[in-house]
Amino acid sequence: MTYLRQLNRVHPFETLGRLHDDMRRRALGQMHAATAPRAKRAWQPPFTLHESELAFEVRFLLPGVDPERLEVSVEGDVLRVSGERPGIPDDARRRFTNERCTGAFARAIEFPTPVDSEHIAARYRDGILHVTLPRAAEARPRRIDVRYDTDVGDTDTPQPNAQMDAGSIGPSGDASNTTQNTED
Amino acid sequence: MTKNTLDCCAPRPATGAANGASTPATTRRPTVVPRADIWETDCAAQLAIELPGVTQDDVQVRIENDHLIVEATPKIDEPEGQVRRLEWRATAFRRSFALTDDADRDAIEADLKNGLLTVLIPRRAEKRPRTIEVRVDT
């Protein structure tokens, strides 16, 4: 929940914007392609984001990009991807459909927890850009061992102590279960 | 049952759509129409079709009933961990394009690179625009 909210904050209306772009492109179709100058604004490639205990994995949908023209950078907790891909060449005599987003693209993702910027791996294959960002050591979920002292008799709680010793299995099992749940 | 024997004559290649019904839910993917740009030069029509995640083994391009048919089923593994954002999904692709009479069916070339399929459909030589030299008789 928290993650989703924070990420949404980065691009609040982008889905709507994409929808609108898409509709406009379809509606204007050929006319738009033939007459309007190419949009100067960079388009935003769609991505998926998966989060595991150790890393974030991001996959950008970017078919038809020359890997040389693909730039991936990390600054703090923000991942930036930008580049350019060619569209219909200028010497085309006639354009029938122009459905692809072409030209300059850019997208930034802000991560809710720190990432280990030294060990980020990016791989571009078959039109998909995979970026793996390990979570910073301090941001990884840690398991905290619950210490259960049996001989706490030195403090001034005489009555409950005797009972806990007797039935130690039940309460201790419950206690460790609840801590695990809250970690997740 | 006689119908079946007729169909056997032209066995249909296994497509994503056809497989979808019988394969387990984990591998079943919807089939979508891939985005494409189509343009024309003097001597050829060109298609650029987006097939992200598709390798050479996953794609089939064929001509059937005056249509160029592109089918692809990419093998994309599911990343580990919980989904935080899902703006695209791995799908199978299918799209067909009607070929006109001037398309030279035997000279069609298809090339897959970085998840983009480029198809070159040359025009028949006799249909290409020609410049006729004007002879001046003196």
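Each chain gets a letter, A, B and so on, in the order its sequence line appears, and its residues count up from 1. What you see below is based on every heavy atom in this structure, not just the backbone, and it leaves out hydrogens, waters and symmetry mates.
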Looking at every heavy atom in both [X] and [Y], which two are closest together, and how far apart are they?
X      : Y     : result
B:G115 : A:P63 : O-CB, 3.3 Å
B:G81  : A:H50 : O-CD2, 3.9 Å
B:L116 : A:G64 : CB-CA, 3.7 Å

Q: Could you walk me through whether B:E50 and A:E99 pass the side chain to side chain contact (heavy atoms under 4.5 Å, CB included) test, one step at a time?
A: CA-CA 10 Å; B:E50 291 190 348; A:E99 301 164 352; over 6 Å; no
Taking atom [atom1] of [X] and atom [atom2] of [Y], what is their separation to the nearest 0.5 Å?
X      : Y      : atom1 : atom2 : value
B:I49  : A:T97  : CD1   : OG1   : 9.0 Å
A:I128 : B:W88  : CD1   : CH2   : 4.0 Å
B:R85  : A:L49  : CZ    : CG    : 8.5 Å
B:R84  : A:E57  : CZ    : CD    : 14.5 Å
B:T55  : A:D126 : OG1   : CG    : 6.0 Å

Report yes or no: do [X] and [Y] belong to one cluster of Ile/Leu/Val/Met/Phe/Trp/Tyr joined by side chain heavy-atom distances under 4.5 Å?
X      : Y      : answer
B:I38  : B:L99  : yes
B:L68  : B:V32  : yes
B:I69  : B:I108 : no
A:L129 : A:L61  : no
A:L70  : A:V78  : no

Q: Please answer whether the main-chain N or O of A:F47 pairs with a side-chain N or O of B:E87 as donor and acceptor at a distance below 3.5 Å.
A: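 It does hold such a pair.
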Q) Under 3.5 Å, is there a donor-acceptor pair between the side chain of B:T41 and the main chain of A:D91? A)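 Between the backbone of A:D91 and the side chain of B:T41 there is no qualifying donor-acceptor contact (under 3.5 Å).
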**Q.** Region of B:P34 in contact with chain A, defined by heavy-atom distances below 4.5 Å
**A.**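 Only the backbone of B:P34 comes within 4.5 Å of chain A.
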For [X], is the [atom1] atom crowded, meaning more than 12 foreign heavy atoms sit under 6.0 Å from it?
X      : atom1 : value
A:H130 : NE2   : yes
B:R105 : CZ    : yes
A:R93  : CZ    : yes
A:E118 : CD    : no

**Q.** Any B:R35 side-chain heavy atom under 4.5 Å of A:C101 side chain
**A.**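 B:R35 reaches A:C101 side chain to side chain.
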(Q) For A:R85 and B:N114: C-alpha separation, side-chain torsions, deciding distance, then whether side chain to side chain contact (heavy atoms under 4.5 Å, CB included) applies. (A) CA-CA 11 Å; A:R85 71 177 176 194; B:N114 294 328; over 6 Å; no
**Q.** A:R59 portion near chain B, given a 4.5 angstrom heavy-atom threshold
**A.**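 Contact with chain B: backbone and side chain both.
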Q: Between chain A and each of B:L51, B:T118, B:L86, count heavy-atom pairs under 4.5 Å; write down the option with the most.
A: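 Result: the option with the highest number of such pairs is B:L86.
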